[in-house]
Amino acid sequence: MKIFLIYGGKSAEHDISILTAYSIMKEVYYKYYEVVPVYITKEGAWLKGLTLDAPPTHLEALHLTAGEEAALAIKEGAVSTGVPITIAEIKEKDAVIFPVLHGPNGEDGTIQGLFEILDMPYVGAGVLASACGMDKIISKHLFTQAGLPQVPFIPIIKTDWLRDEEKVLAKCDEILDYPMFIKPANLGSSVGISKAMNQEELIAAIETALKYDRRVLVEQGVEAREVEVAVLGNDDVHTSVPGEIVKATNEFYDYQSKYLDNKVTMQIPALLPEEVQTQLREYAATAFKAIDGSGLTRCDFFVTDDHEIFINEVNTMPGFTEFSMYPLLWENTGLNYSDLVEELIQLAIKRFEEKQ
Ligand code: ADP
Ligand code: MG
Ligand code: MG
């Protein structure tokens with residue numbers, strides 16, 4: 001069977017996507033799959049990726065940070081052949097698409113819509129779950145409906161902000177306390193997110209977030225640990241043990257610390273009482289169903305010192321290198337990387353067949 005592995009992309013998470021592609025390529029290389037790598041450049045061009053004649057051992061040998069590994073791979077020209085590939089070349093019978101794209105255009109339902117039109121099985125969330133999971137405002141509304149605990153929040157539309165800034169600020173002051181977190185509705189990797197300690201910073205933060213999206217979210221800041229649960233399945237949902245992102249400082253988990261510094265470590269399973277872990281797993285499954293998830297999703301939570309839980313967000317295409325939280329959570333739940341990749345491909349085929 002053929003696997004079209006689609007990676008790169010126009011989003012800020014371009015490099016991490018390349019790393020994920022390498023991890024998966026190494027994994028399926030020895031199996032009975034024929035992998036056709038498809039690389040999307042930062043400009044959005046679709047190129048034939050390099051088919052590996054040998055696994056890229058240099059990536060295994062070097063336990064570099066994600067950013068460094070990606071930089072190295074790019075420098076070595078190991079990303080693509082430079083030969084364009086058309087969408088018509090991807091439309092094949094008995095092939096599965098494995099997109100490992102993050103952020104806008106990759107994780108938000110747009111490319112998933114293309115796969116639907118191609119009428120091919122593809123790994124991960126469908127159109128609806130991708131769009132809902134990516135949109136921090138819509139997902140919050142769905143979580144409210146599903147009875148999931150969250151911090152108070154206020155959605156802002158650019159037009160309303162431009163029309164009456166004072167009114168928006170008054171509402172923030174009425175419902176929320178400082179610190180507040182301000183986020184563009186449709187991004188990831190902490191891009192455009194700021195923490196505001198006062199109204200002056202709040203105004204600046206809203207202006208910043210509005211540069212990335214016409215819809216913005218202002219959220220109550222909490223002092224809490226960050227704990228994540230991996231979800232796997234289609235209608236039959238499975239959850240992993242929770243894992244904690246342990247930060248060296250109590251600053252927020254920004255792009256720099258996520259991908260470039262080695263300032264965070266993972267504690268799996270998270271050091272939390274059994275009943276808190278169980279509750280987190282139940283919430284994760286509920287969130288997955290609320291967005292109509294399929295394939296995979298990572299559900300991220302805040303857990304306070306007295307074990308109050310708030311769901312923060314879901315990521316329908318979480319970081320997926322061998323060293324990323326999502327695969328490591330499964331590893332600690334008894335499913336290794338290789339079997340996880342295989343399961344995702346099988347789930348894609350199953351969903352496709354059930355739809356026929
Ligand atoms: P992204 O999709 O970019 O990861 P998040 O909503 O997860 O966006 O925010 C990024 C980081 O900002 C979080 O991992 C956390 O460290 C911090 N953060 C976000 N919202 C809050 C909040 N309400 N209170 C405290 N920290 C927050
Ligand atoms: Mg996210
Ligand atoms: Mg996050």
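Remember, predicted model here, so these are calculated numbers, not experimental data. In each ligand, atom 1 is the first atom listed, and ligand 1 is the first ligand listed.
The aromatic rings of H14 and Y39 sit perpendicular to each other, their planes meeting at more than 60°, with 30° as the lower class boundary.
For residue E313, an N/O/S atom approaches the Mg ion (ligand 2) to within less than 2.8 Å. Here N315 meets the criterion, with an N, O or S atom under 2.8 Å of the Mg ion (ligand 2).
If you number the atoms of ligand 1 from 1 as listed, the ones under 4.0 Å from a heavy atom of G221 come out as 22 (C), 23 (N), 24 (N). In the vicinity of E219, heavy-atom distances shorter than 4.0 Å reach the ligand 1 atoms 20 (N), 21 (C), 22 (C), 23 (N).
Heavy atoms of I245 found under 4.0 angstrom from ligand 1: none, in either backbone or side chain. Contacts between E223 and ligand 1, counted as non-hydrogen atom pairs separated by less than 4.0 Å, are absent for every part of the residue. Looking at N312 against ligand 1, only its side chain comes within 4.0 Å, counting heavy atoms.
By the 4.5 Å heavy-atom criterion applied to side chains, T144 and Q150 are counted as neighbours. Here the side chains of I154 and L176 are in contact, with some heavy-atom distance below 4.5 Å.
Outside the 6.0 Å centre-distance limit, the rings of Y7 and H102 are not counted as a close aromatic pair. Aromatic rings from F98 and Y33 are positioned such that their centres are separated by 6.0 Å or more.
Judged by the shortest distance from any of its heavy atoms, F302 lies inside the 4.0 Å radius around the atoms of ligand 1.
Considering backbone and side-chain atoms alike, N315 places every N or O at 3.5 Å or more from each N or O of ligand 1. The shortest N or O to N or O distance between V222 and ligand 1 is under 3.5 Å.
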Open item on the list: Checking D108 against N186 for the side-chain hydrogen bond (donor to acceptor under 3.5 Å, both in side chains) test, could you report, in this order, the C-alpha distance in whole Å, the side-chain angles of both residues, the deciding distance, and whether it holds?
Closed with: CA-CA 8 Å; D108 63 357; N186 269 287; over 6 Å; no

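With distances taken over non-hydrogen atoms, the option nearest atom 20 (N) of ligand 1 out of K183, E13, M180 is K183.
Side chains of S324 and T321: a donor on one and an acceptor on the other come within 3.5 Å.
Under the 6.0 Å distance and 45° angle rule, R225 does not count as a cation-pi partner of F301.
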